[in-house]
Amino acid sequence: ELDRVAAPIAERDYAVAARLYALHASRALCYGDPAAALQWTELSIPSFAFTGDRRNACLGRVNAAHAILQLGDHQRAERALRSALADADRMGLHNVSALARQNLGPALGRMGALAEARALENLAIRAFSGQENRRQEGRARAYLAQNLLLEGELEAAESEARTAVARLAPIPPLRAF
């Protein structure tokens, strides 16, 4: 229904197109299709940029890198996230910076850069905690727990995992994360 109504408008309005693409990307991610999420997100980024919405273009780059990470291309995700993080920091987009750091954690951890992964994840946790964003704090703690497991820090990993579960408890779709 949405496509039927929005598609003709999106053909002539980049802002509508950007939002429609981002919606499709979000839906694909929720349905467990990171390849489709990446495809839709990559369509949204230039549309946001064309309208001058640099914040959402930068956020789209982080979201695209998240999909790339889910597809297993850790090096490509790292490059994309570092670039988006630099731009988000330069623009003062604190939430986008925290999201980039949050996703850099697992990318680096899976490539063996565990100390940097831990440091970035801790920065993301502090940022999300300060923003009272329990959802993203919980996700960051889950990523940190995974990296702590890779480091062999079993007690610390269990503690972080338990804290992540507590943060995510009010958010049913993320409990299984």
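Please read these numbers as outputs of a predicted model, since none were measured by experiment. FYI, the numbering just counts along the sequence from 1.
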Where Ala98 and Ala127 come nearest, the two heavy atoms and their spacing: CB-CB, 3.7 Å
Contact summary for Asn133 and Asn95, nearest pair of heavy atoms: ND2-OD1, 4.1 Å
Leu99 and its side chain to side chain contact (heavy atoms under 4.5 Å, CB included) partner, picked from Leu93, Leu59, Leu85: Leu59
Aromatic ring pairing His24/Trp40, orientation class (parallel under 30°, perpendicular over 60°, tilted between): parallel
Side chain to side chain contact (heavy atoms under 4.5 Å, CB included) evaluation trace for Met91 with Arg55: CA-CA 8 Å; Met91 289 187 277; Arg55 178 198 180 281; over 6 Å; no
Pairwise distance CG(Asn63) to OG(Ser26) - rounded to 0.5 angstrom: 7.5 Å
Joint cluster assignment, Leu144 & Leu104, ILVMFWY side-chain distance < 4.5 Å: no
Neighbour count >12 (heavy atoms, 6.0 Å) for atom CD, Gln131: yes
Asp53 side-chain N/O to Ala15 backbone N/O, donor-acceptor pair under 3.5 Å: no
Under 3.5 Å: donor-acceptor pair, side chain of Ser83, backbone of Arg79: no
Any side-chain heavy-atom pair of Glu155 and Leu148 under 4.5 Å: no
Asp89-Ser97 side chain donor-acceptor pair, cut-off 3.5 Å: yes
Spatial distance of atom CZ (Arg167) from atom OG (Ser129) [nearest 0.5 Å]: 6.5 Å
Leu108 reachable from Ile68 in the ILVMFWY side-chain graph, under 4.5 Å edges: no
Point-to-point distance, once rounded to the nearest 0.5 Å, from CD of Glu153 to CG of Leu114: 10.5 Å
Reported CD-to-OG1 distance for the pair Glu158 and Thr163, which is rounded to 0.5 angstrom: 10.0 Å
Donor-acceptor pair, side chain of Thr41 and main chain of Ala37, under 3.5 angstrom: yes
Considering all heavy atoms, the nearest Ala65-Ala77 contact: O-CB, 3.7 Å
Transitive ILVMFWY side-chain link Phe48 to Phe50, under 4.5 Å: no
Arg61 and Leu81, any side-chain heavy atoms less than 4.5 Å apart: no
Basic-acidic side-chain contact under 4.0 Å: Arg27, Asp33: no
Min side-chain heavy-atom separation Glu116-Glu121 under 4.5 Å: no
For the student: nearest non-hydrogen atoms of Arg135 and Leu168, plus distance: O-CD2, 3.5 Å
Audit row: Ile125, Glu137, side chain to side chain contact (heavy atoms under 4.5 Å, CB included) steps and yes/no: CA-CA 5 Å; Ile125 289 167; Glu137 179 190 348; 4.2 Å; yes
Minimum-distance pair of heavy atoms, taken over all atoms of Ala57 and Ala49: CB-N, 4.1 Å
Verdict with supporting geometry, Arg141 and Gln136, side chain to side chain contact (heavy atoms under 4.5 Å, CB included): CA-CA 8 Å; Arg141 288 183 181 280; Gln136 296 301 345; over 6 Å; no
Heavy-atom closest contact (Cys58 atom, Val96 atom, distance): SG-CG1, 3.9 Å
Phe128 side, atom CZ; Arg139 side, atom CZ - distance, nearest 0.5 Å: 8.5 Å
Non-hydrogen side-chain atoms of Glu160 and Gln146 separated by less than 4.5 Å: no
Side chain to side chain contact (heavy atoms under 4.5 Å, CB included) assessment of His66 paired with Gln102: CA-CA 10 Å; His66 175 75; Gln102 177 196 61; over 6 Å; no
